[in-house]
Amino acid sequence: MEARQLLPINRYEEQIVEAVGKNRVVVVIGETGSGKTTQLAQILHRAGYTKDGIIGVTQPRRVAAVSVARRVAWEMGGPLGEEVGYSIRFEDRTSRATRIKYLTDGCLLRECLFDYEFKQYSVIILDEAHERSLNTDILLGLLKRVAQNRNPELKVIITSATLDGQKFSDYFYRCPVINVPGKLYPVQLLYSTEVPYSYLESAVETAIDVHVREPEGDILVFLTGQDEIEKALRMLEEKVLMLEEGSCLDVIVLPLHASLAPEVQARVFQAAPPNCRRIIVATNVAETSLTVDGVVYVIDPGFVKQRNYNPTTGMDSLSVVRISRVQATQRAGRAGRTRPGKCYRLYPISAYEEEFLPATVPEIQRSSLTGAVLHLKFLDLPNLDILHFDFIDPPLRESLEDALYQLLAIDAIGQDGKITGLGKHIAELPLEPALGRTLLAAEDLGCLSQALTVVAMLSSETIFMQGSRKGDDRKRSREDQQLPDGNKYGDHVQYLQIFELWKKNNFDIKWCRSNGLQIRSMLFAKDVRRQLALILTRKNFEDDDRATKKISTARSLRKALCQGFACRLAQRMPKHNGYHTVGNKSQLVQLHPATSPLLVDEDGLYPEWVLYHELMASTRPFLRHVCVVEKDWVVPILEKLQNINVRSLSGLSAHELQKDQALGEDNKVVLLKPSDQETRLVDVDAARARFLARKQSKTVKSSR
DNA sequence: GAGCACTGC
């Protein structure tokens with residue numbers, strides 16, 4: 001009770017209740033520490049909004065939904081799951097008594113498939129809308145329609161942490177905006193005078209400098225990826241050893257990124273021992289998802305690794321790009337949570353003002369929209385024209401067309417643009433449409449059990465621990481050796497075999513550990529599989545134990561995958577280059593473990609001309625640098641490429657590429673992975689030399 | 001000589 005009174009938002013209770021009473025949509029801007037996430041729902045609950053419906057509060061992340069629900073249940077003095085509950089994938093802790101429900105935005109989106117007017121809700125609060133997740137953006141569009149036409153009783157509240165409130169207000173016909181001040185301490189911004197030659201080195205030097213000169217308080221360094229973090233850790237440790245003993249505080253250097261094992265991550269949440277300073281080197285997780293306490297100094301090189309989707313090729317790319325001004329502000333704010341702090345920006349203020357984008361490009365403008373479009377089609381909204389749907393930031397037209405095209409290719413929509421029966425079935429599955437289509441095809445082909453396993457494994461992040469990746473026999477660790485390799489049928493069959501083997505070992509966690517498998521990912525895959533099996537068959541498929549080494553199963557599996565990825569195959573088959581004559585789509589199989597597709601022929605080989613077209617298609621608009629996987633056939637392809645500056649990328653990390661003058665703003669790096677064998681960056685020049693040498697020796701031999 | 005930021009159904 002006491003805690004509640006202290007929160008800034010409670011001083012605005014009357015104003016909020018009044019605004020919500022008079023308007024269908026209200027925007028609430030509340031900085032960190034304002035209490036909006038825990039208090040808004042309670043305020044409206046007290047104002048009587050839970051009498052004829054429930055209050056739904058969306059969160060972009062599962063952990064947030066759970067922890068906030070727990071907190072609010074405690075504040076309201078009841079057990080979790082009754083008056084206050086939460087709902088996330090795999091876990092629904094709500095009951096008939098629930099009046100306030102915290103849920104992930106993805107969960108609300110899924111609910112609306114079956115209740116597109118949000119009838120059970122009297123209020124929907126879209127929290128953290130400034131993060132602009134794909135799901136939030138779609139919900140914004142849907143809620144705008146619903147609040148306007150269908151359900152005038154529904155109240156919608158959008159909350160945002162930045163001054164982006166005006167944009168949301170404008171979108172909702174200039175609805176009122178309520179500003180709630182936060183509880184952040186001032187953060188002093190310090191800019192570099194020039195762009196550093198290497199932001200990594202500069203970050204390390206700055207960290208040491210701060211450590212030596214500044215009073216106690218932890219240091220948070222933002223870098224772009226695991227690789228960089230590890231490099232920085234090594235450099236930091238070296239430099240720390242060189243410091244004179246007793247001249248300054250002790251120091252602990254810690255990494256923080258999402259693929260770290262949970263127990264390693266946990267170290268970041270333990271406070272530093274007395275007389276000791278922590279230097280935490282983190283990716284973007286520390287910007288939004290995880291809050292590290294005790295940070296007083298932030299070092300911000302101004303870069304982030306961002307995923308981009310290219311609708312003309314259907315390919316994803318990851319690239320290191322400048323952060324936006326909003327992100328820079330967010331990062332700096334991390335220094336002012338416990339007391340006044342400092343943020344060292346490793347770029348000049350002129351760069352910040354002139355070169356940084358004001359806000360991050362929203363996810364909806366850099367992802368595949370296949371799933372989103374199918375979702376909207378499923379709702380069967382009257383007068384819905386996808387190409388003119390009222391998004392707050394409309395995606396590229398190409399991206400929408402790409403989505404429609406792909407849906408057409410997997411028979412999810414018909415020529416008339418309407419969703420088909422198959423499409424409805426696909427939409428009900430919590431998967432990207434290609435994988436959903438694969439499952440339905442597998443059902444027909446009699447390999448559903450196997451496909452369920454493969455799809456579940458594909459939905460999980462990589463199952464291999466760092467450093468123990470499969471495929472490379474030369475350096476496969478001893479424990480690893482027992483793991484199946486897919487019998488040359490590629491990753492999918494390998495995943496299947498590994499899962500089956502795990503099952504034979506009674507899903508033993510220790511078995512995963514001793515085989516170098518990520519326990520988290522394996523358990524997740526098992527959960528996903530169970531869920532999918534329930535949706536598809538209302539049966540638990542765990543007992544189905546068909547032989548998986550049979551070639552026929554492998555064949556039908558690949559056929560099923562083919563059906564699912566037909567879109568991408570078809571899409572990137574130009575009509576008059578002879579490509580179509582190579583075979584119908586069942587002869588080409590997509591074998592990539594992640595979502596980016598690559599093509600493989602019947603023998604699991606990757607035809608040169610396919611790669612050629614891949615590269616041409618993907619690079620035409622913007623690429624000058626290409627990362628390739630080492631394969632002998634790469635070299636002749638590279639030689640054929642024109643207007644592409646292929647150079648050695650071996651051993652260069654992202655930041656080194658970035659500092660290289662040749663890699664300008666419009667350059668992107670694409671990592672191609674044929675996925676059946678080794679995956680790595682390659683020194684193109686060396687590969688070329690090796691290839692030519694081998695070719696020469698071969699011709700010599702054959703001529704003898 | 002070896003990776004892939006971060007979410008979510």
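A, B, ... follow the sequence lines: proteins, then strands. Residue 1 opens every chain.
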Subject >> Rounded distance (Å) that lies between atom P of B:dT7 and atom CG of A:L103 >> reply: 19 Å
Original post:
Between B:dG3, B:dG8, B:dT7, which nucleotide has the shortest distance from any of its atoms to the side chain of A:D227?
Top reply: B:dG3
**OP:** Could you pick out which residue, A:V304 or A:S459, lies toward the 5' side of DNA chain B when each is mapped onto its nearest nucleotide?
**Re:** A:V304
Original post:
OP1 or OP2 of B:dG8 less than 4.0 angstrom from a side-chain nitrogen or oxygen of A:S133, does that happen here?
Top reply: no
Subject >> Any residue meeting salt bridge (charged side-chain N to carboxylate O under 4.0 Å, His left out) with A:R331, in chain and number order, not counting sequence neighbours >> reply: A:E287, A:D300
**OP:** Would you classify A:L134 as touching base, sugar-phosphate or nothing, given that sugar-phosphate means primed atoms plus P, OP1 and OP2, and contacts are heavy atoms under 4.0 Å?
**Re:** nothing
Subject >> Integer-rounded Å distance: B:dC9 P and A:Q531 CD >> reply: 9 Å
Original post:
Any side-chain heavy-atom pair from A:V304 and A:Q327 closer than 4.5 angstrom?
Top reply: yes
Subject >> Matching residue for A:F303 among A:Y199, A:Y347, A:F222 - test: ring-ring contact (aromatic ring centres under 6.0 Å, His included) >> reply: A:Y199
Original post:
What are the residues of residues 104-112 of chain A, sorted by number, that bring a heavy atom to within less than 4.0 Å of DNA chain B?
Top reply: A:T104, A:G106, A:C107, A:R110
**OP:** Start with the C-alpha gap between A:K119 and A:E111, add the side-chain angles, then the distance that decides, and say whether salt bridge (Lys or Arg N to Asp or Glu O under 4.0 Å) holds.
**Re:** CA-CA 11 Å; A:K119 285 207 190 76; A:E111 277 185 8; over 6 Å; no
Original post:
When we call it a touch if two heavy atoms are under 4.0 Å apart, what does A:V285 touch: a base, just sugar-phosphate, or nothing?
Top reply: sugar-phosphate
Original post:
Can you tell me how far C1' of B:dG8 sits from OH of A:Y102, to the nearest Å?
Top reply: 20 Å
**OP:** Round to the nearest Å and state the distance from A:N284 atom CG to B:dT7 atom P.
**Re:** 10 Å
Subject >> Qualifying residue for side chain to side chain contact (heavy atoms under 4.5 Å, CB included) with A:K101, from A:I124, A:V57, A:I54 >> reply: A:I54
Original post:
Mind checking what makes salt bridge (charged side-chain N to carboxylate O under 4.0 Å, His left out) contact with A:D527, not counting sequence neighbours?
Top reply: A:R530
**OP:** Can you tell me the distance, in whole Å, between the CD atom of A:Q327 and the P atom of B:dA5?
**Re:** 16 Å
**OP:** Indicate yes or no: does A:E131 engage A:R61 in a salt bridge with an N to O separation below 4.0 Å.
**Re:** yes
**OP:** Return the nearest nucleotide to the side chain of A:Q226; candidates are B:dG8, B:dA5, B:dC6.
**Re:** B:dA5
Subject >> Atom-to-atom span, CG of A:D92 to P of B:dC9 - whole angstrom >> reply: 12 Å
Original post:
Atom OH of A:Y86 and atom P of B:dG8: how far apart are they, to the nearest Å?
Top reply: 14 Å
Original post:
Taking atom P of B:dC9 as reference, at what distance in whole Å does atom CG of A:L532 sit?
Top reply: 13 Å
